[in-house]
Amino acid sequence: MLNQNRVAIEIHHEIEQFLYHEARLLDNEMLREWFDTMLDPEIRYQMVMQQERFVKDKSPAEAQQIMPFDERHGDLELRIRQFESGLQTMLNPRQRLRRAITNIEAFHQEEENTYLVSSYGIASRHRRLYEHEQVIFGRTDRLKRAEDGALRLVARRIDLDERVVRNKNLLLFL
Amino acid sequence: MLNQNRVAIEIHHEIEQFLYHEARLLDNEMLREWFDTMLDPEIRYQMVMQQERFVKDKSPAEAQQIMPFDERHGDLELRIRQFESGLQTMLNPRQRLRRAITNIEAFHQEEENTYLVSSYGIASRHRRLYEHEQVIFGRTDRLKRAEDGALRLVARRIDLDERVVRNKNLLLFL
Amino acid sequence: MLNQNRVAIEIHHEIEQFLYHEARLLDNEMLREWFDTMLDPEIRYQMVMQQERFVKDKSPAEAQQIMPFDERHGDLELRIRQFESGLQTMLNPRQRLRRAITNIEAFHQEEENTYLVSSYGIASRHRRLYEHEQVIFGRTDRLKRAEDGALRLVARRIDLDERVVRNKNLLLFL
Amino acid sequence: MVDIRELVDAKNGTQSRRIFWDREIYELEMQRIFARCWIFLTHESLIPEFGDFVVTRMGEDEVIVWRQRDGSIKAFLNNCTHRGAKLCTAEAGNSRGFSCSYHGWAFAVEGKLASVPCDSAYGPLFDRQEWGLREVPLVQSYQGFVFGCMDAGAPGLKDYLGDIAWYLDIWADVPGGIELVGPPSRSIIQANWKSPTENFIGDTYHVGWTHASVMAAVLGQAPPQTAWMSEDQGFHVTSRYGHGLGVSTAFYGPMMLVESCPELHEALAVRQAQVEQEKGPEAAKLVSGIWDGSLFPNCSYLYGANVLKVWNPMGPDKVEVMTWTIAERNMSDDLKQRLKVATHRYFGTAGMLESDDIDNFDNSANRGYVTRQGRLNCQMGLGQEREDDVFPGVLGDYMSEVAQRGFYRFYADCLASPNWQDLEEATTRWKSDLLDQ
Amino acid sequence: MVDIRELVDAKNGTQSRRIFWDREIYELEMQRIFARCWIFLTHESLIPEFGDFVVTRMGEDEVIVWRQRDGSIKAFLNNCTHRGAKLCTAEAGNSRGFSCSYHGWAFAVEGKLASVPCDSAYGPLFDRQEWGLREVPLVQSYQGFVFGCMDAGAPGLKDYLGDIAWYLDIWADVPGGIELVGPPSRSIIQANWKSPTENFIGDTYHVGWTHASVMAAVLGQAPPQTAWMSEDQGFHVTSRYGHGLGVSTAFYGPMMLVESCPELHEALAVRQAQVEQEKGPEAAKLVSGIWDGSLFPNCSYLYGANVLKVWNPMGPDKVEVMTWTIAERNMSDDLKQRLKVATHRYFGTAGMLESDDIDNFDNSANRGYVTRQGRLNCQMGLGQEREDDVFPGVLGDYMSEVAQRGFYRFYADCLASPNWQDLEEATTRWKSDLLDQ
Amino acid sequence: MVDIRELVDAKNGTQSRRIFWDREIYELEMQRIFARCWIFLTHESLIPEFGDFVVTRMGEDEVIVWRQRDGSIKAFLNNCTHRGAKLCTAEAGNSRGFSCSYHGWAFAVEGKLASVPCDSAYGPLFDRQEWGLREVPLVQSYQGFVFGCMDAGAPGLKDYLGDIAWYLDIWADVPGGIELVGPPSRSIIQANWKSPTENFIGDTYHVGWTHASVMAAVLGQAPPQTAWMSEDQGFHVTSRYGHGLGVSTAFYGPMMLVESCPELHEALAVRQAQVEQEKGPEAAKLVSGIWDGSLFPNCSYLYGANVLKVWNPMGPDKVEVMTWTIAERNMSDDLKQRLKVATHRYFGTAGMLESDDIDNFDNSANRGYVTRQGRLNCQMGLGQEREDDVFPGVLGDYMSEVAQRGFYRFYADCLASPNWQDLEEATTRWKSDLLDQ
Ligand code: FES
Ligand code: FES
Ligand code: FES
Ligand SMILES: [Fe+3]
Ligand SMILES: [Fe+3]
Ligand SMILES: [Fe+3]
């Protein structure tokens with residue numbers, strides 16, 4: 001993410017609005033719409049946590065990281081079908097999720113019409129009377145302008161800062 | 001809030017700065033200035049919480065929601081007079097409120113020079129030595145360009161994600 | 001910070017990206033790069049907390065405030081050398097800091113090519129298995145365009161909202 | 001073991017700070033107060049139809065309050081009897097039964113275990129009849145207010161309300177009845193449950209001081225604190241089982257509500273005429289006043305400001321506040337909604353009056369070993385208790401702490417008594433004890 | 001003192017809710033269960049080399065599990081014996097020693113206090129030999145699973161596993177052995193540690209109900225709950241020291257994994273042939289099924305879904321969940337990684353199945369003084385326990401709660417016994433007690 | 001009941017880990033240490049004028065420390081005696097009285113209940129004289145440091161400081177006196193209050209190890225840990241009532257401060273000459289050194305680094321740290337402010353040295369039932385205690401734990417003694433016990 005490759009202000013604005021729109025869709029449980037309109041069929045969707053290791057540790061990355069999500073298009077659809085089943089007692093009464101997105105930076109990639117986007121997020125979940133959880137994360141996205149001119153998410157890597165999850169679960173898209 | 005009605009980047013910037021300016025005024029306890037310069041006399045100012053009901057519940061909205069605020073111009077002024085009384089021991093020593101605003105999206109409304117604005121917020125309150133509270137919310141605002149060319153807030157609906165308030169009180173404007 | 005001195009949208013965008021870039025550098029522990037490329041040699045870097053006093057208290061400001069940081073260029077470098085020593089057990093395993101920056105407003109200063117920038121921040125620190133801390137702050141920065149055309153931080157004042165620090169320490173740059 | 005008589009000196013009107021802090025005392029309260037006394041559950045108007053339910057708490061026990069087919073109301077512990085999962089996860093709604101989310105045991109509205117999936121797997125040693133929901137033994141209503149009691153040996157609700165029922169009738173026994181407009185606002189504050197309860201039971205004293213900012217906002221300037229202690233202000237009452245209330249006849253009850261609900265003027269005049277006829281002119285005078293009151297242990301209300309509050313304990317230092325609007329059933333829906341907004345403007349979680357109060361209740365003031373050796377004073381008007389021809393109960397001045405003292409008198413009796421029989425005995429001479437003092 | 005026999009009625013299969021809530025009971029559990037029984041530490045495959053270590057917990061005690069020069073494994077309390085600072089702050093890694101961050105005392109891999117900075121300042125009264133790391137007295141492995149025990153008087157690990165070892169061999173005694181793929185996911189949930197453990201030990205009952213959403217997503221629609229109770233479904237087992245497990249032979253074990261890990265089909269067929277040869281056709285049938293199981297007190301696993309779980313207690317109402325993927329050592333690295341992703345898709349912290357379960361375990365359902373007087377039911381299949389010629393232990397139907405009852409039977413014996421000698425005595429007739437019932 | 005002698009073996013210099021964890025022990029500490037010993041309140045320079053006040057804590061009890069009209073200082077529990085609300089909500093300021101926020105009871109600077117709103121409502125049974133603020137029985141100063149004591153039977157402050165007063169005079173009895181520059185920084189850390197106190201009382205040992213990163217940053221590279229144990233380094237002292245301190249004469253005290261405060265060079269030379277004249281050359285040598293020290297129970301200071309710390313207990317696992325800068329009264333305001341910045345650069349909440357320390361104090365290292373059966377070692381230099389002709393108290397090497405052992409010796413005596421009379425008796429032969437060992 002070199003400083004000189006930053007996208008121009010108009011594209012930045014478009015990307016920012018894309019991410020806000022996405023958060024709003026997800027917060028309003030419009031998962032299918034998100035899936036259909038914002039994701040590229042080639043999507044790779046990852047969420048990563050790191051084990052606590054000493055700085056000098058020499059073991060390979062996969063021995064140090066755990067991925068609650070490492071999904072392709074089909075895996076995501078399977079998960080969305082679970083949400084659509086209407087059978088999750090966890091979601092009844094409905095939970096309230098809110099994804100505040102900040103620190104958006106976008107950069108041109110070598111491939112044309114492709115952008116590397118860095119953003120931060122603070123997602124809050126309120127559910128039942130007393131449950132409140134928060135998760136802090138960074139995201140590195142790859143966005144591509146599709147043939148219809150609209151942006152699509154081609155890859156997302158979500159880095160969680162927490163090692164031990166404090167949420168009741170992470171069954172949510174960040 | 002259709003994607004295609006998004007305002008142009010310049011208006012978006014203006015609206016964003018309006019909301020940040022507003023937050024800064026409120027955080028600095030300049031309530032009267034906020035009231036005088038940013039609110040339209042026709043303002044409707046609502047804060048809404050939802051009771052926990054099953055998804056299939058058929059009761060009407062008003063049986064499910066509670067509004068700590070449902071104020072008009074005069075009600076807001078009454079509240080500001082309480083703050084101006086100087087008699088609230090709650091505010092002495094002063095509390096520190098900070099309203100971080102994110103996820104701003106703005107859309108043209110049918111009515112000219114009127115914008116529908118969606119934003120998210122994380123408000124923090126520190127007071128006394130040890131009290132710290134946070135409230136997470138979404139807002140749907142209606143902004144209008146007044147005759148003097150400046151924006152004014154015509155309607156605001158604040159949706160709180162929490163059902164049970166964890167703040168000592170919500171005597172604050174979000 | 002008068003409304004009419006707000007910078008134009010392009011400069012605003014540049015400043016915003018400067019601050020996001022800065023946060024990303026700091027979050028990735030690239031302190032030396034931050035120090036070398038973003039700070040002006042004349043930097044004054046302050047972090048301020050206020051004692052709880054009654055509103056009517058007449059004592060001078062310095063009797064009411066405490067500064068965990070009031071640093072010049074050399075002081076900051078000393079601190080960076082501590083980080084670079086590799087000897088802080090506190091940072092091994094590494095901690096995860098994330099500085100979400102919001103509410104950016106920028107204003108022209110009298111001096112040319114100098115901007116007064118107000119921003120808010122929510123910094124999160126995760127470390128070890130279970131530690132999670134958050135600190136909420138406002139910042140008032142002075143940025144200057146250096147001869148090379150790039151922005152530099154000339155002054156920063158960080159106002160912490162908390163009186164009693166809940167972090168294990170504040171050995172971090174906000 | 002806790003020495004109750006050292007904690008509360010009912011005769012002299014002082015208490016130990018420890019009753020607001022100690023976990024040991026709190027546990028005893030859960031047992032001897034909240035599992036023994038009548039606890040407010042809901043109002044009938046909130047669950048009018050067969051299957052309507054609300055979930056609430058009695059002490060820390062969560063219960064489902066449920067309208068039965070025959071119109072009666074039952075209450076059950078909100079927990080599955082199989083492996084113990086929470087049964088109903090909504091606050092309110094309508095249902096003829098609940099299926100547990102874990103294995104699907106299904107409980108019917110009357111509490112029976114109606115069906116057990118895969119029941120043939122159970123075998124003959126399992127008796128389904130034994131594993132219905134655990135029922136709250138007593139559920140009764142007064143003026144539509146539904147109360148439950150975990151102790152089958154308790155006196156009936158009407159007896160429990162005692163002298164206070166006469167007063168409740170004045171504002172609640174209106175034609176068509178009253179109702180609560182929900183849903184309640186809910187918030188959690190750092191307080192012991194007794195602090196807000198004692199505040200609402202008789203704390204005239206704080207009004208002019210704590211709420212000066214609201215007075216200033218509404219009236220232009222705050223009147224002196226003594227404005228609430230003129231001769232003809234009204235009175236406070238205490239009663240056998242600790243309930244108390246106060247009426248100020250010098251203030252116009254709905255003064256804060258009438259701007260958005262001007263219809264209240266006329267409604268009040270009508271009601272005043274009715275009460276005059278039913279209970280005489282003295283009682284009628286009370287109708288236009290502002291009332292504060294608490295029912296032991298943790299239900300409070302303001303008539304005039306039209307709010308009802310429950311202070312649900314969540315440990316010695318935490319209370320969940322629930323707030324409803326009181327309306328008359330015959331009011332228009334539109335008026336009810338305006339009333340809901342107006343009452344919350346003053347007494348909701350963003351309420352202008354409520355917000356002033358919360359710091360005063362803050363339990364952290366009791367922190368500290370030496371601090372907790374201290375005693376608190378509740379002696380205003382001590383020795384000036386009196387009876388009245390018209391007004392039931394034992395009375396004190398409007399500006400007095402007679403009701404708070406009565407609250408702590410019964411509180412101590414409750415904690416000290418192992419059962420209702422002893423408690424009845426301990427309180428039988430309450431009135432002469434007070435008046436002969 | 002806690003009355004254990006009142007808390008757990010092992011004969012009738014009921015328990016008091018208090019065992020999921022009371023701090024006093026929890027403290028006793030820490031002492032009599034977690035400082036006495038064999039506790040899962042790690043798998044040998046996770047610390048293959050000299051100096052490899054992981055940090056984990058036994059009860060609330062944090063321990064370093066450390067591969068020695070001679071290939072053996074030792075475990076030590078993870079705390080400096082000088083002024084008590086935490087010693088190792090990483091979860092895993094490789095080191096031949098740790099220096100304390102405070103003053104630099106250096107402990108070697110075998111636990112000795114290897115060096116003390118400025119040791120000449122100490123003087124003759126200090127004996128360095130006495131201040132090594134405190135060692136966990138017993139550390140033993142079975143099929144590569146490493147367990148530790150704080151009580152030197154405990155039976156050996158193999159004896160402790162008892163009848164269950166036979167079953168573990170079926171899936172763990174594969175050529176090349178099995179391994180755990182780490183690092184584990186970790187999360188903290190609001191639950192008592194016994195709730196998830198009893199779920200994994202034998203809760204067939206919840207699968208069709210709680211997880212209906214996953215069934216619907218995967219299969220298109222959720223089958224009825226009774227689909228898990230047909231005659232030939234399999235069985236559940238309980239054993240002397242509380243361990244239990246269940247096998248469903250009606251479902252294809254790795255059904256959720258094969259899409260991303262199709263190699264599992266063949267591996268399973270190969271394994272089935274091996275088991276047939278080693279243990280006969282009855283045992284071989286189990287290979288293609290889906291298994292659930294828990295080892296007393298807090299280690300669970302699913303064979304077929306290939307996850308291993310530890311439920312580490314953090315107070316009566318909190319559990320830290322640790323989840324590893326089970327793989328065969330001889331699998332390719334690529335397959336292991338795909339398996340890791342697939343198992344976490346269902347059983348990680350974002351797992352589709354896991355997420356359904358967590359609310360059911362929520363400990364807040366036990367809040368309330370009256371609530372906690374209640375009992376919980378665990379009677380499914382009570383009185384239908386049986387022995388089998390092929391399968392060790394005492395069996396019940398696949399759809400039964402025989403394993404949960406066995407868990408609580410031993411739980412109660414454990415809490416009631418002051419030492420292992422008494423505990424051995426208390427459990428010696430466990431089988432006849434069960435079968436003659 | 002807690003068995004103190006098992007917890008602390010004063011003779012052999014070991015302690016049970018339980019003293020850093022158990023709630024029961026903590027409660028006893030609140031009673032027998034914090035409600036009995038002299039507790040640091042403030043420095044006279046922070047409340048110079050009539051009406052100046054600061055609010056602080058003694059144990060967990062919050063107190064107002066208040067300058068009286070006659071220049072004396074009183075301290076009061078910061079709570080209203082009416083219904084118990086917190087009285088003063090500011091940390092510091094100037095006022096001649098405080099009105100309670102709840103009902104307006106007004107307390108005057110000397111603690112009297114000065115006025116009661118609506119007092120005519122009270123009646124004759126209320127005696128206003130009885131309901132003033134509860135006063136801390138003893139408040140005394142030494143070198144401007146103000147201490148309070150909740151036990152009227154305690155020895156005077158000067159006696160309580162004992163041998164340590166001689167040392168304090170060296171840096172505090174300067175012409176014009178010293179002062180504390182405030183406001184203090186405040187932070188809450190996860191630690192038992194004894195951990196940082198013992199660190200500051202004599203932990204030479206950690207400096208070269210824990211703070212190696214600062215040494216590297218300041219000096220270019222970190223010296224070996226043994227650099228702090230050369231013959232002529234200085235010494236540590238312990239005293240009857242647990243206070244201790246250490247002086248290193250091998251290091252130049254203000255080395256970290258002089259860059260921004262070069263005036264310190266000369267001030268130190270001047271002071272050294274004064275001390276030489278007053279107390280002789282041996283004492284004068286100490287002036288240019290760096291000192292660490294703690295006054296029992298929870299006040300610490302570094303002379304040379306010029307910070308004063310209070311470690312206020314907030315439960316067994318939490319401490320609120322308060323940090324002030326020590327300055328000489330006669331310094332210029334500008335120098336004082338630079339000193340404030342410089343001291344916080346190293347010892348504030350963002351302090352380069354402070355930040356290194358906090359993990360070492362982390363109380364979570366004591367988690368675990370088995371862990372807490374362990375003992376901690378404090379034996380460095382055990383048996384090498386000595387007396388000195390010039391220096392009061394019992395001395396040990398600079399690199400020793402003599403001061404920590406003395407702290408825990410008195411700690412144990414304090415917990416074991418029901419009152420000051422017994423405590424005096426228990427400690428009367430402290431010196432010979434130590435030296436004859
Ligand atoms: S716990 Fe409710 S059905 Fe099993
Ligand atoms: S505490 Fe570990 S070396 Fe001192
Ligand atoms: S509580 Fe202080 S005046 Fe009543
Ligand atoms: Fe009030
Ligand atoms: Fe499950
Ligand atoms: Fe240190």
Side-chain angles (χ1 to χ4, degrees), chain B residues 45-72 74-92 95 127-131 133 135 158 160 162-174, chain D residues 46 52 54-55 88-95 181-191 209-218 220-222 256 259-260 320-325 333 336-338 340-342 344-345 348-362 364:
Chain B
Y45 184 97
Q46 297 177 305
M47 187 187 289
V48 186
M49 282 179 287
Q50 305 290 335
Q51 194 178 31
E52 300 271 344
R53 297 253 182 174
F54 289 125
V55 169
K56 59 163 208 258
D57 191 282
K58 294 190 201 69
S59 53
E62 68 268 19
Q64 301 196 35
Q65 68 191 23
I66 191 77
M67 293 196 186
F69 288 82
D70 184 3
E71 313 295 58
R72 311 282 180 164
D75 306 316
L76 290 174
E77 213 212 343
L78 178 69
R79 286 177 173 280
I80 287 172
R81 282 208 305 274
Q82 184 183 21
F83 284 103
E84 290 174 339
S85 74
L87 295 170
Q88 288 164 289
T89 51
M90 173 185 118
L91 298 178
N92 188 13
Q95 61 185 9
R127 67 190 294 272
R128 304 292 154 91
L129 288 173
Y130 309 113
E131 294 179 26
E133 304 157 344
V135 58
I158 302 151
L160 296 191
E162 65 189 3
R163 166 59 180 116
V164 179
V165 176
R166 295 302 184 118
N167 270 271
K168 204 149 205 173
N169 56 58
L170 287 173
L171 199 68
L172 41 86
F173 302 107
L174 293 178
Chain D
L46 288 168
D52 283 349
V54 295
V55 173
C88 174
T89 51
E91 283 178 270
N94 181 287
S95 184
V181 187
S185 52
R186 304 179 77 138
S187 60
I188 294 176
I189 60 172
Q190 297 300 315
W209 184 262
T210 293
H211 299 303
S213 72
V214 182
M215 305 297 160
V218 174
Q221 84 172 63
M256 292 175 299
E259 189 175 335
S260 49
E320 182 173 353
V321 186
M322 299 179 74
T323 309
W324 291 264
T325 298
D333 283 350
K336 284 174 191 170
Q337 290 304 314
R338 273 182 284 130
K340 183 169 147 185
V341 168
H344 278 82
R345 183 172 296 131
T349 47
M352 293 170 66
L353 285 157
E354 176 107 344
S355 303
D356 285 332
D357 282 316
I358 305 300
D359 277 334
N360 291 330
F361 303 158
D362 195 321
S364 69

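These numbers come from the heavy atoms of this one structure, side chains and all, not from hydrogens, waters or symmetry mates. First the proteins, then the strands, lettered A, B, ... as listed; each starts at 1.
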Return the option, out of [options], with the maximum number of heavy-atom pairs under 4.5 Å with chain D.
options: L171(B), L172(B), I80(B), N167(B); result: L171(B)
options: Q88(B), E131(B), K168(B), K56(B); result: K168(B)
options: M67(B), R79(B), M49(B); result: R79(B)
options: R72(B), K58(B), E71(B), E162(B); result: E71(B)
options: G86(B), S59(B), A63(B); result: A63(B)

For the atom pair [atom1] ([X]) and [atom2] ([Y]), what is the distance rounded to the nearest 0.5 Å?
X: D357(D); Y: M90(B); atom1: CG; atom2: CE; answer: 11.5 Å
X: R163(B); Y: S187(D); atom1: CZ; atom2: OG; answer: 10.0 Å
X: Q190(D); Y: R166(B); atom1: CD; atom2: CZ; answer: 9.5 Å
X: N169(B); Y: L353(D); atom1: CG; atom2: CG; answer: 12.0 Å
X: N360(D); Y: T89(B); atom1: CG; atom2: OG1; answer: 6.0 Å

Does any part of the side chain of [Y], heavy atoms only, come nearer than 4.5 Å to the side chain of [X], both counted from C-beta?
X: E259(D); Y: L78(B); answer: no
X: M47(B); Y: T349(D); answer: no
X: K340(D); Y: I66(B); answer: yes

Examine distances only and state if a side-chain atom of [X] and a backbone atom of [Y] form a donor-acceptor pair shorter than 3.5 Å.
X: R186(D); Y: V164(B); value: no
X: E62(B); Y: Q337(D); value: no
X: E52(B); Y: E91(D); value: no

Could you tell me which of [options] has the largest number of non-hydrogen atom pairs under 4.5 Å with chain B?
options: A342(D), A90(D), A212(D); result: A90(D)
options: A191(D), G348(D), P184(D); result: P184(D)
options: S185(D), A216(D), G182(D); result: S185(D)

Locate the shortest heavy-atom distance separating [X] from [Y]; write the atom from each residue and the value.
X: A350(D); Y: P68(B); result: CB-CB, 3.8 Å
X: D70(B); Y: R345(D); result: O-NH2, 3.5 Å
X: A92(D); Y: D57(B); result: O-OD2, 4.0 Å

Checking heavy atoms, do the side chain of [X], its backbone, both or neither come under 4.5 Å from chain B?
X: V321(D); value: neither
X: I189(D); value: side chain
X: S95(D); value: neither
X: V341(D); value: side chain

In a check of side chain to side chain contact (heavy atoms under 4.5 Å, CB included) between S213(D) and each of Q82(B), E84(B), R81(B), which one passes? Q82(B)
Crowding at CD, Q221(D) (>12 non-hydrogen neighbours, <6.0 Å): no
Verdict with reasoning, D362(D) to R128(B), per salt bridge (Lys or Arg N to Asp or Glu O under 4.0 Å): CA-CA 12 Å; D362(D) 195 321; R128(B) 304 292 154 91; over 6 Å; no
Is F54(B) in contact with chain D via its backbone, its side chain, both, or neither, using a 4.5 Å heavy-atom distance? both
Heavy-atom distance under 4.5 Å to chain D: side chain of E77(B), backbone, both or neither? neither
